[in-house]
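Here's the structure we're looking at; comments come further down.
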Amino acid sequence: MPELKRIGVLTGGGDSPGINSALRAIVRRASAEGIEVVGFRDGWKGPIEGEAQPLTLADVSGILYVGGTILGTSRTNPFRKRDRDGETVWEPTERVDAILANLEKLSVDALIAIGGDDTLGVAHRLAAYGVKAVGIPQTIDNDIGGTDFAIGFHSALATVTDALDKLHTTAHAHHRLLIVEVMGRDSGWIAVYGGLAGGADVIIVPEGPPEGSFSVDEVEEVVRRRLAQGRRFSIVVVAEGARPRELGGKQVASGEVDAFGHVQLGGVGYWLAGELKKRNLPLTPRVTVLAYLQRGGAATPFDRLLATRFGVKAVEFALEGQFDVLTGLWGTEVRAVPLEEALAQCPKPVDPELLRVARAIGIG
Ligand code: F6P
């Protein structure tokens, strides 16, 4: 097994609470073995441009509960996405050569990449060029395969639950139909967990048949049923990636597409409110878009622990020579899951059992 002297670490994609807890654990575990850690700035941009800083015990002191990432993040992609005969292929660009040269120049023996499927996908593709990488799953969307939970999901859930608790009182007081748009590009994890924990009356997710994941009629039906039962308010939680049958697709906020080919989503909540207004319900629709609030703030105790465990294991996998894997939570155990296997399951759909539980207690 090659001796590890220096580990590089980077944080890419949308940030989430708990990343800094993982960085702290990586530096502490590596230091205990006499291994140096260098942090690359702003995701894959760091190793491309050779932008790195030493990460010492002093640098990670006091960051356990601080949101965001002290390294910064970006959605930089060293590969180019191409469609070939209906299949997506990732072509290397000169940025891959730059990464290889900079890792060599900085004597980085192994790399830990913290991020979602895009960031981890790059780590996996770089394995073909000899880069020894370990991935740590991090995204509030919780849509990464190979792990029960990704860092950040639990904290986002806490934010959504808190918001729903607050929205309940005003919905009740004003007899309103409150529509709460939450994140979740392809998967309804935040919507279902948040909606259940916060007592939503309707939960709408992106998953579902190709023609759409919900219709306005279905939402109206639940609201009218509740009205007939004397419930003079309703709260609808809708994931940003939900697909109204009437629209035939997702509601897009702008034509902006990132380096991984994702279009900027947002607006389905306002669209739904507009449609429900036309139905002459005796409740006034109002919209709350939780947006980036879900990614911000301090991590919950669960995320701090998960991130600490993932950080420790990521260093240990590297010490054992296990690369091209991610740290995956399986029940209570953290395992080394091949990145190939985990990425093949992305985007991981929401657990249908949770949706069943929601329907079983009358949530539409
Ligand atoms: O972090 C994941 C995510 O929150 C998605 O749910 C959302 O679509 C996306 O990031 C938006 O991120 P940005 O606007 O930073 O590209």
Side-chain angles (χ1 to χ4, degrees), residues 10-20 22 41-45 67-69 71-77 81 113-122 135-145 147 149-160 163 180-195 203-207 213 237-243 249-271 288-297 299-300 303 306-307 310 326 342-343 345-350:
L10 63 87
T11 60
D15 69 321
S16 55
I19 296 177
N20 285 330
R41 291 191 202 107
D42 299 340
W44 289 109
K45 198 164 180 272
T69 159
L71 291 178
T73 185
S74 73
R75 295 192 189 273
T76 308
N77 188 358
K81 195 179 180 183
I114 306 177
D117 58 341
D118 295 330
T119 304
L120 302 183
V122 171
I136 294 184
Q138 172 279 123
T139 167
I140 64 163
D141 289 356
N142 201 41
D143 58 357
I144 306 173
T147 185
F149 294 111
I151 298 171
F153 168 64
H154 196 267
S155 303
L157 171 62
T159 298
V160 172
V180 185
E181 185 180 306
V182 298
M183 280 189 173
R185 167 171 289 281
D186 300 298
S187 307
W189 289 92
I190 299 177
V192 175
Y193 272 67
I203 297 173
I204 308 172
V205 297
E207 291 92 340
S213 63
V237 170
V238 59
E240 62 180 353
R243 296 170 296 115
K250 299 182 186 192
Q251 183 73 27
V252 167
S254 73
E256 198 183 310
V257 176
D258 71 18
F260 292 88
H262 306 303
V263 70
Q264 199 198 359
L265 295 179
V268 67
Y270 282 102
W271 178 86
T288 303
V289 181
L290 292 180
Y292 299 94
L293 284 173
Q294 296 159 97
R295 293 217 304 232
T300 57
D303 270 334
L306 184 67
F310 280 176
L326 63 67
L343 292 165
Q345 294 164 39
C346 293
K348 178 182 69 177
V350 68

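Values in this document were obtained by computation on a predicted structure and should not be read as measured data. Indexing begins at 1, ligand by ligand and atom by atom, following the structure's order. Side-chain atoms are counted along with the backbone in the values below, which use heavy atoms only and exclude waters and symmetry mates.
Atom NZ of Lys348 is surrounded by more than 12 heavy atoms from other residues, nucleotides or ligands within 6.0 Å.
Those atoms of ligand 1 that come under 4.0 Å of a heavy atom in Tyr292, given as number and element, are 13 (P), 14 (O), 15 (O). The contact set between ligand 1 and Gly184, taken as ligand atoms under 4.0 Å from a residue heavy atom, comprises 6 (O). With ligand atoms numbered from 1 in the order given, ligand 1 contributes 6 (O), 8 (O) to contacts under 4.0 Å with heavy atoms of Arg185.
For atom 4 (O) of ligand 1, the closest non-hydrogen atom on the protein side is Met183 SD, 2.7 Å. Of the protein's heavy atoms, Arg295 NH1, 3.6 Å lies nearest to atom 3 (C) of ligand 1. With respect to atom 2 (C) of ligand 1, the closest heavy atom belonging to the protein is Asp141 OD2, 3.5 Å. The nearest protein atom to atom 8 (O) of ligand 1, hydrogens excluded, is given as Glu240 OE2, 2.8 Å; this is a heavy-atom distance.
With a 4.0 Å heavy-atom cut-off, ligand 1 is reached by the side chain of Arg75 but not by its N, CA, C or O.
Of the candidates Asn142, Thr300, Asp303, His154 forms a side chain to side chain donor-acceptor pair (under 3.5 Å) with just one, namely Thr300.
Electrostatic pairing of Lys250 and Asp186 counts as a salt bridge here, judged by a charged N lying under 4.0 Å from a carboxylate O.
Residue Gly18 comes nearest to Ala299 through the heavy atom pair N-CB, 3.6 Å, listed as atom of the first residue, atom of the second, then distance. The minimum heavy-atom distance linking Gly67 with Asn20 is given by the pair O-ND2, 3.2 Å. Of all heavy-atom pairs spanning Lys45 and Ser74, the tightest one is CB-OG, 4.0 Å.
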request  = Check the pair Thr73 / Asp15 against side-chain hydrogen bond (donor to acceptor under 3.5 Å, both in side chains), numbers first and verdict last.
outcome  = CA-CA 7 Å; Thr73 185; Asp15 69 321; over 6 Å; no
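Considering backbone and side-chain N/O of Gln264, none are found under 3.5 Å from N/O of ligand 1. Distances between N or O atoms of Asp15 and those of ligand 1 include no value under 3.5 Å.
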